[in-house]
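Below: one structure, written as structure tokens.
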Amino acid sequence: MVKFTKEMKEALRVPGKGGSLIYLCTSSRDGKPNIAAMRFVATHMDDKILIADMFLLKTKANIKENPNVAVTICHPLDEGRWWVFRGKAVDMEYGFPRDFDWYGANATDILNEWGNWNKAEPPDEVPPDIVFPKAVQRGVVVVHVEEVYSIKPGHTGEKIL
Amino acid sequence: MQVHLTGRMKAWIEAMGCHLCVATPEGVPSVVLGRYAEVRGDDEVAFALAADEVGVIAPVIAENPRVAFGVSRQGGIRAAYQFKGAGEILRSGDLFDAVAAQAKEEKGIDAAAVLHVRLTELYCTKPGYEAGQRLDGMTPDELNTWERQRWKDVPRKRD
């Protein structure tokens, strides 16, 4: 059973609060991989990663047919954040049954706290030529992390948690 | 469709390296770093991989050659692209020798293998209405124009 370290929890926050830009890696059910950078990230409980569903397309389609995902730090990499979090994801969209549960994470709790993420943690650090003009959130991706492995050079693939 | 990497894309890939994503035929994804990247043409990129890195992805690629990658570090936001193609693990030959030697010289990497990716798909990942837009249908001129209207910054190569 995974329990995030303090360093992991500090890293898995929005970049403007000292966190990280992350890559969310998904796959179609027949093994076509997809990798997309995400800015809105947080932890929940000791083993869940939350990611805003704002502009997800292929990522969303993949998660709907195959919950297996990997999350890793894209930037910054030079602060010891050499982790890959592997687990199972669901996209808790508006309209989910209020009592929907994903490995202990409740849809009502998640959407109440993280359902208007752009207002709670606006992307002030995102450059003007990249930032989106209007954020429309459709839900929150909840990743239940089952294992963590390293991508530190010389230690790639070693199980951490 | 045919992929034509722009000069700016090539610069970002080579300056920052990439996060490489593969998946088993059953759809379980894995990711490793491609710390040294060398663009070998408009639609080919080679990554030097150390023994631990290739140890993670070689068994997967042996069963399923599909690879997706994005630029590492600031490139995750500044180089808002996703590249997809078919990967091959090389452990010998001219391409392996050339890429491994350069990776050793530039980054001190002892390459156990080279991942050679032939690109077949290119996507914009800029947040907003252009997220997910396919770019591999554009001609090189169209793509250069499209990109210059959005970004011009080119990073310096990292040590």
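All chains are named by letter (A, B, ...) in the order of the sequence lines, taking the proteins before the strands, and each is independently numbered beginning at 1. Here the structure is a predicted model, which is why all the values come from computation and not from measurement.
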Margin query: As an exercise: rank Cys74(A), Cys25(A), Ala37(A), Ser150(A) by heavy-atom pairs under 4.5 Å with chain B and give me the winner.
Written below: Cys74(A)

Note to self: Heavy-atom pairs under 4.5 Å with chain B: which of Arg29(A), His75(A), Lys58(A) has the most?
What the structure shows: His75(A)

Find the distance between [atom1] ([X]) and [atom2] ([Y]) and round it off to the nearest 0.5 Å.
{"X": "Arg39(A)", "Y": "Ile77(B)", "atom1": "CZ", "atom2": "CD1", "value": "9.5 Å"}
{"X": "Ile35(A)", "Y": "Leu20(B)", "atom1": "CD1", "atom2": "CG", "value": "7.5 Å"}
{"X": "Thr24(B)", "Y": "Asn68(A)", "atom1": "OG1", "atom2": "CG", "value": "7.5 Å"}

Looking at every non-hydrogen atom in both residues, tell me the closest pair between [X] and [Y] and how far apart they are.
{"X": "Gly154(A)", "Y": "Asp52(B)", "value": "N-OD2, 2.9 Å"}
{"X": "Pro127(B)", "Y": "Phe132(A)", "value": "CB-CD2, 3.4 Å"}
{"X": "Arg78(B)", "Y": "Ile130(A)", "value": "NH1-CG1, 3.7 Å"}
{"X": "Leu33(B)", "Y": "Ile151(A)", "value": "CD1-O, 3.7 Å"}
{"X": "Ala68(B)", "Y": "Pro33(A)", "value": "CB-O, 3.6 Å"}
{"X": "Asn34(A)", "Y": "Cys21(B)", "value": "O-SG, 4.0 Å"}

Chain A interface, residue from [options] that has the most non-hydrogen pairs under 4.5 Å:
{"options": "Lys126(B), Arg150(B), Glu63(B), Glu130(B)", "result": "Lys126(B)"}
{"options": "Gly132(B), Gly55(B), Ser30(B), Ala51(B)", "result": "Ser30(B)"}
{"options": "Val22(B), Thr125(B), Val60(B)", "result": "Val22(B)"}
{"options": "Ala131(B), Ala80(B), Gly70(B)", "result": "Gly70(B)"}

Check: Is the backbone of Val71(B) close enough, under 3.5 Å, to the side chain of Tyr23(A) for a donor and an acceptor to pair up by distance?
Finding: yes

Check: Hey, is the main chain of Ile73(A) close enough, under 3.5 Å, to the side chain of His19(B) for a donor-acceptor pair?
Finding: yes

Using non-hydrogen atoms and a 4.5 Å limit, figure out which bit of [X] sits close to chain B: side chain, backbone, both or neither.
{"X": "Pro153(A)", "value": "both"}
{"X": "Ser28(A)", "value": "backbone"}
{"X": "Lys88(A)", "value": "neither"}
{"X": "Val84(A)", "value": "side chain"}
{"X": "Leu57(A)", "value": "side chain"}

Checklist line | Non-hydrogen side-chain atoms of Met16(B) and Leu77(A) separated by less than 4.5 Å | finding: no

Next item on the list: Give, as side chain, backbone, both or neither, the part of Glu26(B) having an atom under 4.5 angstrom from any heavy atom of chain A.
Entry: backbone

Notebook entry, point to check: Do other residues, nucleotides or ligands put more than 12 heavy atoms under 6.0 Å from the NZ atom of Lys10(B)?
Noted result: yes

